[in-house]
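In listed order, ligands and their atoms are each counted from 1.
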Amino acid sequence: MRKVLAADLGATNLRAALIGEGGDVLELRRSSTPRQGVVDAIVRLVEDMADRVSSMGLASVGPMDIRRGVLLNPPNLNEHGEIEVVGRLRDRLGIDVVLLNDAVAGAIGEWTYGAGKGLRDVVYLTFSTGLGAGVIIDGRPLLGRRGNAHEVGHLVVDYRGRIRCGCGGIGHWEAYCSGSGLPKLASLVAHEHPELRGHLGRAIESGALPDAPSIFRAAREGDPLALEVVREFSAITAAGIASVASAYDPELVILGGPVYLQNRDLLDGLLGEYLPEYSLDGPPALAPAVLGDLSPLMGAAAAALSPALAGSAAQTQ
Ligand SMILES: [Zn+2]
């Protein structure tokens, strides 16, 4: 059986695995993303497995240039400037390396091994620290010029721009509906609805900035402000999903990332309620990512097995 290595370099977590061609995870390793030296950290995690394979797929936070195999000053890593990853990993490990954007990898993973298996047109959205997307159209991943297509987290969902995004733009989807955006959304809703004064409202009033898990927890406990934040999150996200569906005409929109997958009990009903309001020709079919937090890693494995999926055969030479 042919085997490949796969790695997923996220803002917080670094995962790597030895994966068989049928998608079996033979060995899975996790560590935290280091502040400096991401290439060294990947090498440490996989080097004792490298002699069993001839290629590795690397899913990474972007932005990047897949033609040159480099990361371009990624805002979610602490290592700045241009980071050469493909050439250095290839030299250190002695195997071919294929680089791709982590959300694109998530789409390829779900399309090859998960919820989108057998379909031709699939959109994958991931709600994590940020909000990203990967798109498969006509049975092919869309990559863009440098591999940075589908920055849908920066679609404008609020033209009045009540919240400024980490990128500097105003009214972007990610600024409201991601792990990093939810605290800002909660503050905004608290400001706009002073009558909603539960535990969460009082915490915000005293200067706290509650994180995403505590907002969802408060909603489950019936906190009125938290419930309004979850409703607003769902309405904005339904608008974003409808816009993405209008752009790509997918058979299925797959929703992943911890902010969505851990809170489906609160979100699914509301999304179903709001989505028809914003959709062209009926709401798109939705499904949760079945590979959980391993979707990008599995997509990296699929790209190592079929480098054409990641666009550039030149990457592997
Ligand atoms: Zn933005």
With heavy-atom distances below 4.5 Å as the criterion, would you say the side chains of L209 and S187 are in contact?
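SC-SC contact between L209 and S187 confirmed.
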Hey, does the side chain of D102 reach the backbone of G62 with a donor-acceptor pair shorter than 3.5 angstrom?
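Here the side-chain-to-backbone pair does not exist.
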Side-chain donor or acceptor of S295 paired with backbone N/O of G109 under 3.5 Å:
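Not at all, since once roles are kept as given, no pair shorter than 3.5 Å links the two residues.
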Out of the N/O/S atoms in H172, what is the name of the one closest to the Zn ion (ligand 1)?
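Closest to the Zn ion (ligand 1) among those atoms: ND1.
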Among the N, O or S atoms of H154, the one nearest the Zn ion (ligand 1):
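Sorting the N, O and S atoms of H154 by distance to the Zn ion (ligand 1) puts ND1 first.
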Lys/Arg N to Asp/Glu carboxylate O, R15 vs D8, below 4.0 Å
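Yes, R15 and D8 are salt-bridged.
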To the nearest 10 degrees, could you say what angle the Zn ion (ligand 1) makes with SG of C165 and SG of C167?
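Rounded to 10°, it measures 110°.
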